Amino acid sequence: MADGIAIADSVAALRGHVAAWRALGLSVALVPTMGALHAGHAALVRLAAARADRVIVSVFVNPTQFAPNEDFSRYPRTFDADCARAAEAGAHVVFAPAVEEIYPPGFSTTVSLEGPAAAGLEDRFRPTHFAGVATVCAKLFIAAGADIAVFGEKDWQQLQVVTRMAADLGLPLAIVPGETIREDDGLALSSRNRYLSDTERAAAPALAAALRACAAAIRAGRPVDAAVEEARQAVTQAGFVLDYLEARHPATLAPVADGSGPIRLLVAARLGATRLIDNIPV
Ligand code: PAF
């Protein structure tokens with residue numbers, strides 16, 4: 001127990017909590033996180049608490065979704081603050097397994113993905129990422145046995161990948177999206193924002209601003225390709241190194257030919273050593 005919230009460090013302990021809740025007829029929500037909880041995570045926990053009687057927040061920095069050159073070892077770990085934040089937002093249990101609990105010796109199974117996981121967005125720059133995400137999410141879903149799992153829209157491709165996986169595998173839970181929470185200047189909240197220097201932080205809102213301008217231009221009738229190209233230039237001129245900025249179908253993430261159907265704009269770009277992602281609807 002920490003900060004008034006129970007901590008389960010094993011699947012058996014987590015299932016004990018869930019079994020007790022189920023015996024009382026209570027519904028259960030899971031909010032999967034890698035810790036470093038911020039106001040965006042708190043909003044997901046509040047959404048979960050509004051939809052279910054009991055809320056589990058998992059805190060697990062999942063090694064399999066990081067490539068060797070990525071920030072696994074320096075990913076922020078703020079466990080005590082995470083427990084306090086989860087409790088304050090309405091969670092009942094923090095599930096915080098060790099790596100060996102999720103990946104015991106001999107672990108050899110990975111969820112294999114196509115569709116939105118192979119859209120040429122995050123997967124183009126992080127080719128092993130979604131297999132790691134999907135595998136750990138499948139394990140978390142099975143461990144928790146929750147009725148719903150809440151995922152932030154900020155990781156839009158992840159949300160589509162997990163939604164597709166849950167449908168394809170017939171997993172008995174609903175994936176519930178939670179809207180992106182932003183700073184006053186438009187920067188989407190992210191655990192990685194803390195890596196930004198003061199100068200980078202001042203430049204960072206240009207990412208969301210470029211998406212907003214692009215969406216407005218498309219809504220006003222500008223051809224999608226031209227609007228997207230202008231947004232790419234705006235991001236680059238603001239000092240970012242662009243990985244991608246694309247207009248895609250919101251669910252399949254297939255490229256869109258024109259502005260006639262639903263469109264999601266998605267961007268990933270680096271400011272110094274920090275990689276930021278964002279997305280908005282048109
Ligand atoms: O979005 C995240 O924090 C992670 O990708 C998730 C869903 C917790 C899986 O490790």
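Values below: every heavy atom of this structure, side chains too, minus hydrogens, waters and symmetry copies. In listed order, ligands and their atoms are each counted from 1. Given the structure is predicted, the values throughout are model-derived calculations rather than measurements.
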Fill in the blank from the handout: One should read off an interatomic distance between L211 CG and R264 CZ, to the nearest 0.5 angstrom, of 10.0 Å

Practice task
Answer with yes or no after comparing the ring centroid distance for F95 and F60 against a 6.0 Å cut-off, counting only values under it.
Solution key: no

Exercise for the section: Could you list the atoms of ligand 1 found under 4.0 angstrom from a heavy atom of P32? Expected result: 8 (C)

Problem - For F151, the ligand 1 atoms whose distance to one of its heavy atoms is below 4.0 Å - result: 7 (C)

Exercise for the section: Do me a favour and list the nearest non-hydrogen protein atom to atom 2 (C) of ligand 1 with residue, atom name and distance? Expected result: Q158 NE2, 3.9 Å

Problem - Atoms in ligand 1 flagged as close to V136, the criterion being non-hydrogen separation under 4.0 Å - result: 9 (C), 10 (O)

Exercise for the section: State yes or no: do I142 and L30 share one hydrophobic cluster built from I, L, V, M, F, W and Y residues joined by side-chain heavy-atom distances below 4.5 Å, directly or via other members? Expected result: no

Fill in the blank from the handout: So the atoms of ligand 1 within less than 4.0 Å of a heavy atom of M34 turn out to be 3 (O), 4 (C), 8 (C), 10 (O)

Exercise for the section: Would you confirm whether D243, through its side chain, and V267, through its main-chain N or O, come within 3.5 Å as a donor-acceptor pair? Expected result: no

Practice task
Would you mind checking if K139 and E101 are paired as a salt bridge, meaning a charged N to carboxylate O distance below 4.0 Å?
Solution key: no

Exercise for the section: Take N62 and Y75, measure what side chain to side chain donor-acceptor pair (under 3.5 Å) needs, and give me the verdict at the end. Expected result: CA-CA 10 Å; N62 174 35; Y75 196 83; over 6 Å; no

Handout entry: Per-atom contacts of ligand 1 with T33, taking only distances under 4.0 Å to non-hydrogen atoms
Key = 8 (C)

Practice task
Around atom 9 (C) of ligand 1, find the nearest protein heavy atom and jot down its residue, atom name and distance.
Solution key: Q65 OE1, 3.3 Å

